[in-house]
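Since the model is a prediction, treat every value here as computed from it, not as a measurement.
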Amino acid sequence: MNKYLKIAGSEEILGIFEDWPSFHDAEIISVVLDRNACKGQNGPTVTVKLHCFQITNEVVGNQYKTIKHNIVTFAFYDVVEFYLGYGFGQQNSLSGLTISDIRGDQLENINYKVSFDAHTTCDLRFNCSKIEILSIEGGIPVGSVYA
């Protein structure tokens, strides 16, 4: 079974991209930190909105063609060990998004290690108990370099 099926809402991403994307070159649109528990969870919540897409092998001009543009909103619950580095800017492109199952590491009620690895700005890392995809909207966000 794909480990990402444990993430609520991951079936929709798998349906769009046919596999879990690497989120390479995805852009962080927003990060919302909420110290209050949400949806019956125990601790702080982080919500991240990403512009993601699929990169093809076709070259247009001097760049690879991109398709399947979507804006995905993730919620991360019971967040601990939060780190935000390198600032926040206009593009905030990622080299990738890594989600690791750390249940065997004996961190009580903490199930995932999450790392938004930055190309340019907004390196973001934390651990959490639960991950949910709140929404997926087709399209390219205003202000994107892909618009």
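- With a 4.5 Å cut-off on side-chain heavy atoms, L124 and F82 count as touching.
- Note that CD1 of I16 is 12.0 Å distant from CD1 of I67, once rounded to the nearest 0.5 Å.
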Inset, instruction - Decide yes or no on side chain to side chain contact (heavy atoms under 4.5 Å, CB included) for D34 and T47, but give the supporting numbers first. - result: CA-CA 8 Å; D34 190 341; T47 305; over 6 Å; no
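- For the salt bridge (Lys or Arg N to Asp or Glu O under 4.0 Å) test, no residue two or more places apart in sequence or in another chain qualifies with D25.
- Note: the hydrophobic cluster containing V142 does not contain I29 (ILVMFWY, side chain heavy atoms under 4.5 Å, direct or indirect links).
- Taking the side chain as every heavy atom from C-beta outward, E18 and K68 approach each other to under 4.5 Å.
- When side chains are defined from C-beta on, I133 counts as touching V72, because their heavy atoms get closer than 4.5 Å.
- Residues E132 and F74 form no side-chain contact, since every pair of their non-hydrogen atoms from C-beta on lies 4.5 Å or further apart.
- Here the CZ atom belonging to F53 is positioned 11.0 Å from the CG atom belonging to N70, to the nearest 0.5 angstrom.
- From D117, atom CG reaches atom OG of S95 across 4.5 Å, with rounding to the nearest 0.5 Å.
- The hydrophobic cluster containing L14 also contains F23, counting ILVMFWY residues as joined when their side-chain heavy atoms lie under 4.5 angstrom apart, directly or transitively.
- No hydrogens or angles considered: nothing links the side chains of E58 and Y64 as a donor-acceptor pair under 3.5 Å.
- How far CZ of F116 is from CG of L97: 4.5 Å, rounded to the nearest 0.5 Å.
- V48 places a side-chain heavy atom less than 4.5 Å from the side chain of V46.
- Here the side chains of V79 and C128 are in contact, with some heavy-atom distance below 4.5 Å.
- I7 and I71 fall into different hydrophobic clusters, where Ile, Leu, Val, Met, Phe, Trp and Tyr are joined by side-chain heavy atoms under 4.5 Å apart, directly or via other members.
- Expressed to the nearest 0.5 Å, how far NZ of K130 lies from CG of N109 amounts to 13.0 Å.
- A single hydrophobic cluster is seen to contain both V114 and L84, as judged by linkage of ILVMFWY side chains at heavy-atom distances under 4.5 Å, directly or through other members.
- Qualifying side-chain contact (heavy atoms from CB on, under 4.5 Å) partners for S144, counting only residues two or more places apart in sequence or in other chains: E27, H51, I140, P141, Y146.
- Residues F17 and Q54 come closest through the heavy atom pair CE2-N, 3.9 Å.
- Side-chain contact between W20 and S10 is present, with at least one heavy-atom pair separated by less than 4.5 Å.
- Proximity of V59 to K65: side-chain heavy atoms (C-beta onward) are nowhere separated by under 4.5 Å.
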Legend entry - Stepwise side chain to side chain contact (heavy atoms under 4.5 Å, CB included) check, I13 with E11: CA-CA 6 Å; I13 284 184; E11 301 83 4; over 6 Å; no
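- Within the 6.0 Å centre-distance limit, the rings of F76 and F126 are counted as a close aromatic pair.
- In this structure, the separation between OG on S115 and CG on D123 is 6.0 Å, given to the nearest 0.5 Å.
- Judged by distance alone, with hydrogens and angles left aside, the side-chain atoms of S129 form no donor-acceptor pair with the main-chain N or O of N111 at under 3.5 Å.
- Grouping the Ile, Leu, Val, Met, Phe, Trp and Tyr side chains by contacts below 4.5 angstrom, directly or via other members, places L33 with I28.
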